[in-house]
S.K.: 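Have a look at this one.
So that the names make sense, note that chain A is the first sequence line, chain B the second, and so on, each numbered from 1.
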Number of protein chains: 2
Amino acid sequence: MKALSQVGKYGLRALLYLVAYPPKNQYLSIREISDELGLSFHFVTKIFRELTEKGILISYRGPSGGIALAKPAEEIMLIDVIKALEGEDYFDKCLIGLPHCGTAKPCPVHEFWKEVKTKMQKNFSETSLALLGEKIRTMEVRLDD
Amino acid sequence: MKALSQVGKYGLRALLYLVAYPPKNQYLSIREISDELGLSFHFVTKIFRELTEKGILISYRGPSGGIALAKPAEEIMLIDVIKALEGEDYFDKCLIGLPHCGTAKPCPVHEFWKEVKTKMQKNFSETSLALLGEKIRTMEVRLDD
DNA sequence: CATATTTAAGAGTATTTAATCTTAATTAAG
DNA sequence: CTTAATTAAGATTAAATACTCTTAAATATG
Ligand code: SF4
Ligand code: SF4
């Protein structure tokens with residue numbers, strides 16, 4: 001049960017590095033993140049560009065440029081990141097996708113599947129990047145390769 | 001959040017058709033199922049071949065041949081079908097896939113993700129194809145295109 | 001035995017996702 | 001003003017997934 005695509009996993013991981021180990025300078029360069037985590041610089045760049053477009057990151061070009069959170073980590077919820085990386089419809093997906101499906105006659109797995117999605121949605125909505133970053137720091141969780 | 005691949009969705013759907021509308025004869029032909037559901041005959045055939053290898057279906061070639069459940073529908077649990085179609089490791093997947101992850105220092109989403117997977121695993125283990133088939137029949141859920 | 005029907009097996013094609021590469025634009029610093 | 005550092009943008013390639021096609025094997029029936 002793959003919950004996230006590679007874009008989602010790498011994006012979240014790179015973002016968590018930024019949050020858990022915030023730089024002294026205003027901006028942290030993508031090169032440092034990708035080197036530190038052992039991820040492809042170009043791939044991370046592409047992912048971060050999306051996050052910048054979506055308003056989760058801000059970026060600055062040129063020497064000593066890089067990326068930074070657009071808002072305080074306390075105000076960015078995990079659900080925002082996942083929706084930005086996987087699509088706004090992330091929690092609207094159906095389990096078996098019957099063509100004639102409707103609320104009138106939902107298939108027998110619908111109720112349960114909705115419960116699962118609601119549980120995840122709730123949890124992700126309540127989890128801030130700040131909290132995740134702090135846990136990563138205090139538990140000394142390794143994000144690198 | 002895509003929980004099943006196309007193979008998983010189509011396979012489950014085709015299987016549910018067989019269970020919900022069992023044939024008079026011993027075997028139901030794949031052609032009838034694929035026509036009835038509007039799915040590709042070849043694709044369903046390929047999927048069913050896997051389910052036959054995995055011991056969920058039995059097949060019989062030649063005129064009036066087709067496929068049938070290998071066991072009573074009461075004894076086939078949804079989890080068996082999903083594991084057969086998506087892989088035995090379906091519930092072992094990780095949310096963010098940190099390379100150095102271990103039980104010693106789990107990442108901050110691990111506990112929650114384990115809960116979600118356990119909930120699904122439990123539900124799927126308790127749900128038989130017979131139950132799903134009956135609900136589909138009584139609720140008149142449409143499986144076709 | 002000949003033929004039609006059906007699944008088995010696997011090759012082949014198309015689409016989507018993942019990852020890489022190239023070039024341009026921006027900016028700091030000498 | 002020149003150069004180096006950095007992200008932006010998009011083209012290109014690679015790999016995985018989804019689907020299609022062809023041929024073979026099995027079996028019932030006339
Ligand atoms: S009822 Fe729900 S789970 Fe079932 S096919 Fe429709 S949307 Fe999907
Ligand atoms: S701790 Fe769990 S969720 Fe986190 S990276 Fe490891 S396996 Fe994945």
Side-chain angles (χ1 to χ4, degrees), chain A residues 1-15 18 23 25-70 85-87 90 93 97 145, chain B residues 1-15 18 23 25-70 85-87 90 93 97 145:
Chain A
M1 193 215 178
K2 211 178 74 177
L4 295 179
S5 68
Q6 293 292 77
V7 167
K9 287 183 193 174
Y10 291 167
L12 180 55
R13 199 164 139 205
L15 205 52
L18 172 67
N25 313 348
Q26 186 177 4
Y27 296 103
L28 180 58
S29 82
I30 299 176
R31 177 69 68 181
E32 183 181 327
I33 298 177
S34 60
D35 280 0
E36 211 58 45
L37 298 187
L39 300 178
S40 150
F41 164 74
H42 290 293
F43 202 23
V44 174
T45 298
K46 182 181 264 190
I47 296 169
F48 275 1
R49 217 161 59 221
E50 271 201 54
L51 290 178
T52 302
E53 275 168 22
K54 301 267 169 65
I56 290 179
L57 292 177
I58 51 175
S59 67
Y60 198 83
R61 290 196 262 202
S64 78
I67 52 88
L69 293 181
L85 292 170
E86 302 282 341
Y90 184 74
K93 301 289 172 65
D145 259 315
Chain B
M1 195 215 178
K2 210 178 73 177
L4 295 179
S5 67
Q6 293 291 77
V7 167
K9 286 183 193 173
Y10 290 167
L12 181 55
R13 199 164 137 205
L15 205 51
L18 171 67
N25 315 346
Q26 186 176 4
Y27 296 103
L28 181 57
S29 83
I30 300 177
R31 177 69 66 180
E32 183 181 327
I33 300 177
S34 61
D35 280 0
E36 212 57 44
L37 298 186
L39 300 178
S40 150
F41 164 72
H42 290 294
F43 203 22
V44 175
T45 299
K46 181 182 262 188
I47 297 170
F48 274 1
R49 217 160 60 220
E50 271 199 55
L51 290 179
T52 302
E53 274 169 22
K54 300 267 170 65
I56 288 179
L57 292 176
I58 51 175
S59 67
Y60 198 84
R61 291 197 261 201
S64 80
I67 51 89
L69 294 181
L85 292 170
E86 302 282 341
Y90 185 73
K93 301 289 173 62
D145 258 314

S.K.: Are Leu57(B) and Leu15(B) close enough, and set up right, to give a side chain to side chain contact (heavy atoms under 4.5 Å, CB included), and what steps lead you there?
M.R.: CA-CA 9 Å; Leu57(B) 292 176; Leu15(B) 205 51; 3.6 Å; yes

S.K.: So which heavy atom on Arg13(A) is nearest to which on Leu37(A), and how close?
M.R.: NH2-O, 3.3 Å

S.K.: Identify which nucleotide among dT20(C), dT26(C), dG10(C) has an atom closest to any side-chain atom of Lys46(A), counting heavy atoms from C-beta outward.
M.R.: dT20(C)

S.K.: Could you check how far CG of Asn25(A) sits from P of dT6(D), rounded to whole Å?
M.R.: 10 Å

S.K.: Taking CD from Gln26(B) and C1' from dT27(D), how many angstroms apart are they, rounded to a whole number?
M.R.: 14 Å

S.K.: Tell me which nucleotide among dA19(C), dA9(C), dG10(D) gets nearest to the side chain of Phe43(A).
M.R.: dA19(C)

S.K.: Can you tell me if Ser59(B) touches the phosphate of dT6(C), counting only side-chain N or O atoms and a distance under 4.0 Å to OP1 or OP2?
M.R.: no

S.K.: Let's see if you can work this out: which of dT20(C), dA5(D), dT5(C) has an atom nearest to the side-chain heavy atoms of His42(A)?
M.R.: dT20(C)

S.K.: Given dT17(C), is OP1 or OP2 found less than 4.0 Å from the side-chain N or O atoms of Gln6(A)?
M.R.: no

S.K.: Want to settle it: does Lys2(A) or Leu28(B) sit nearer the 5' end of DNA chain C, counting the closest nucleotide to each?
M.R.: Leu28(B)

S.K.: Looking at the side chain of Ser29(B), which of dA18(D), dT7(C), dT5(C) is the nearest nucleotide?
M.R.: dT7(C)

S.K.: Start at the 5' end of DNA chain D and walk down; is the nucleotide closest to Gly65(A) or to Ser5(B) reached first?
M.R.: Gly65(A)

S.K.: Would one find a side-chain N or O of Ser40(B) under 4.0 angstrom from OP1 or OP2 of dT20(D)?
M.R.: yes

S.K.: Just to be sure I understand the rule, does Tyr10(A) reach a base, reach only the sugar-phosphate, or reach nothing, if contact means heavy atoms closer than 4.0 Å?
M.R.: sugar-phosphate

S.K.: Quick check: do Ile33(A) and Ile67(A) have side-chain heavy atoms less than 4.5 Å from each other?
M.R.: yes

S.K.: Just compare dA4(D), dG10(C), dA25(C) and give me whichever is closest to any side-chain atom of Pro63(A).
M.R.: dA4(D)

S.K.: Please confirm whether the shortest side-chain N or O distance from Tyr60(B) to OP1 or OP2 of dA28(D) is below 4.0 Å.
M.R.: yes

S.K.: Are the side chain of Glu86(B) and the backbone N or O of Ser5(B) linked by a donor-acceptor pair below 3.5 Å?
M.R.: yes

